[in-house]
Number of protein chains: 2
Amino acid sequence: MSQGARDRRGEILAIAARLFARKGYRGTSMRDIGQEAGVLGGSLYHHIRSKDALFVELHNAALDAAEARIVAAVSKLDDPWARLEAACVAMLEIQLAPDSLTTPMMNDFREVPADVRAQLVARRDRFEKPFRDLVAALPLPYGADRSVYRNLLLAQLNSVADWYRPDGRLSPTEIGRQVALLVKGAAAS
Amino acid sequence: MSQGARDRRGEILAIAARLFARKGYRGTSMRDIGQEAGVLGGSLYHHIRSKDALFVELHNAALDAAEARIVAAVSKLDDPWARLEAACVAMLEIQLAPDSLTTPMMNDFREVPADVRAQLVARRDRFEKPFRDLVAALPLPYGADRSVYRNLLLAQLNSVADWYRPDGRLSPTEIGRQVALLVKGAAAS
DNA sequence: CCTACCGATCGGTAGG
DNA sequence: CCTACCGATCGGTAGG
């Protein structure tokens with residue numbers, strides 16, 4: 001594959017990622033993607049196999065990149081709470097970056113065909129493993145349900161992209177710290 | 001309108017609510033709704049004006065019922081933390097009830113036409129007012145951002161329907177208490 | 001509530 | 001990368 005073709009494919013992936021993030025899987029047609037790329041919808045099939053495969057590829061690439069950055073951010077630290085905070089900050093810095101291909105918002109699991117959904121769920125479960133480990137290492141009080149705790153933590157992180165305003169008072173980093181602070185306080189009470 | 005017709009309409013609304021909750025707005029066709037109701041898709045238009053209007057009606061009815069129950073649950077209490085906990089418990093009991101028309105999961109804002117979305121957002125903003133008031137009354141530590149705090153709280157409540165298992169260890173009531181405990185601990189730290 | 005249909009849009013393909 | 005098209009499906013309607 002030539003350099004130009006590889007770049008072209010990357011452009012198309014970036015465009016598709018942005019549209020999927022903004023309008024969802026079903027709300028984004030191949031013709032929409034083609035229009036932003038300056039070609040007709042059918043022409044995209046020279047670069048991709050199907051809409052499903054495109055979506056799965058983007059989803060996996062986003063989670064790969066996010067997971068690598070989170071693991072790296074955490075590895076330098078020892079204290080369990082510091083590690084959790086670093087993971088929250090890293091995740092939000094990735095998820096709220098304005099232009100990256102990694103911007104997911106791909107929690108559209110209900111919008112997607114069943115066989116695609118199975119792949120997304122499997123990849124997401126692997127993605128959540130670092131968080132399971134982080135939460136497992138926390139000194140939570142007796143009676144706290146670590147499974148519920150982890151789900152509530154991830155729900156907070158995933159929600160931020162829905163209400164975050166780039167021109168707001170708080171940066172992604174600061175919001176990440178607030179999330180960590182919130183779930184940390186719970187353990188201290 | 002006759003008694004039979006009113007019941008029939010209610011049946012159709014309940015079916016539509018369940019399908020929208022499970023498959024999303026775009027993932028649910030009028031023909032899908034018709035099939036579960038035992039009629040063809042076109043026949044539904046004797047009872048409703050349009051798919052958009054049906055969705056908005058269901059969404060508003062769900063939020064009306066939820067808001068009324070939450071306000072009632074809270075009104076008997078004085079302590080700000082007890083009021084917050086009661087609101088969390090009431091919200092989850094409603095949202096996780098297996099069969100009610102009130103089961104939303106209608107956070108599909110991205111799936112919906114722009115003019116419909118504007119209506120849903122406006123109604124949701126009103127719905128969140130009790131939570132704004134509840135959070136405003138909390139004795140949070142200096143430096144806590146009440147707006148972020150409220151968003152994170154609502155994110156937790158809205159997420160539960162995605163991972164709750166009816167046969168799991170915790171009941172909706174117990175999960176509601178865990179959410180309240182988590183956000184309360186944050187203030188105590 | 002059905003039959004029979006409308007115009008629009010979808011993912012995808014053949015052939016150049 | 002385009003032209004020209006495919007079969008399927010969509011929300012919705014007329015007329016009974």
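Order of the sequence lines fixes the chain letters, A, B, ..., with proteins taken first and strands second; residue numbering starts at 1 for each chain. Keep in mind that what you see is a predicted model, and the values were worked out from it rather than measured.
Annotation: salt bridge (Lys or Arg N to Asp or Glu O under 4.0 Å) contacts of A:Arg169 (sequence neighbours excluded): B:Asp145. For A:Gln119, there are no side chain to side chain donor-acceptor pair (under 3.5 Å) partners at least two apart in sequence or on another chain. With sequence neighbours left out, A:Glu85 forms a side chain to side chain donor-acceptor pair (under 3.5 Å) with no residue at all. Under the rule for a side-chain contact (heavy atoms from CB on, under 4.5 Å), the partners of B:Arg26 that lie at least two apart in sequence or sit in another chain are A:Arg26, B:Glu111. The side chain to side chain donor-acceptor pair (under 3.5 Å) search around B:Ser50 returns none, not counting sequence neighbours.
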Fill in the dot-bracket string of DNA chain D, one character per base: . for unpaired, | for a pair to another strand, ( ) or [ ] for pairs within the strand, taking Watson-Crick or G-U pairs under 3.5 Å. ||||||||||||||||

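Residue pairs meeting the side-chain hydrogen bond (donor to acceptor under 3.5 Å, both in side chains) criterion with at least one member in residues 64-77 of chain A, sequence neighbours excluded: A:Asp64-A:Arg123, A:Glu67-A:Arg123. Sorted by first and then second residue, the salt bridge (Lys or Arg N to Asp or Glu O under 4.0 Å) pairs involving residues 34-55 of chain B (not counting sequence neighbours) are B:Arg18-B:Glu36. Listed by first and then second residue, the salt bridge (Lys or Arg N to Asp or Glu O under 4.0 Å) pairs involving residues 149-161 of chain A amount to none (not counting sequence neighbours).
The pair A:Arg8-A:Glu11 meets the salt-bridge criterion, since a charged nitrogen lies less than 4.0 angstrom from a carboxylate oxygen.
For residues 34-43 of chain A, proximity to DNA chain D is found at A:Val39, A:Leu40, A:Ser43, defined as any non-hydrogen atom under 4.0 angstrom from a strand atom. Contacts with DNA chain D (heavy atom under 4.0 Å) in residues 23-30 of chain B: B:Thr28, B:Ser29, B:Met30, listed by number.
Cluster annotation: A:Tyr149 and B:Val89 are assigned to distinct hydrophobic clusters (Ile/Leu/Val/Met/Phe/Trp/Tyr, side-chain heavy-atom contacts under 4.5 Å, transitive).
Note that the first and last nucleotides of DNA chain C, 5' to 3', having any atom under 4.0 angstrom from a heavy atom of chain A are C:dC10 to C:dT13.
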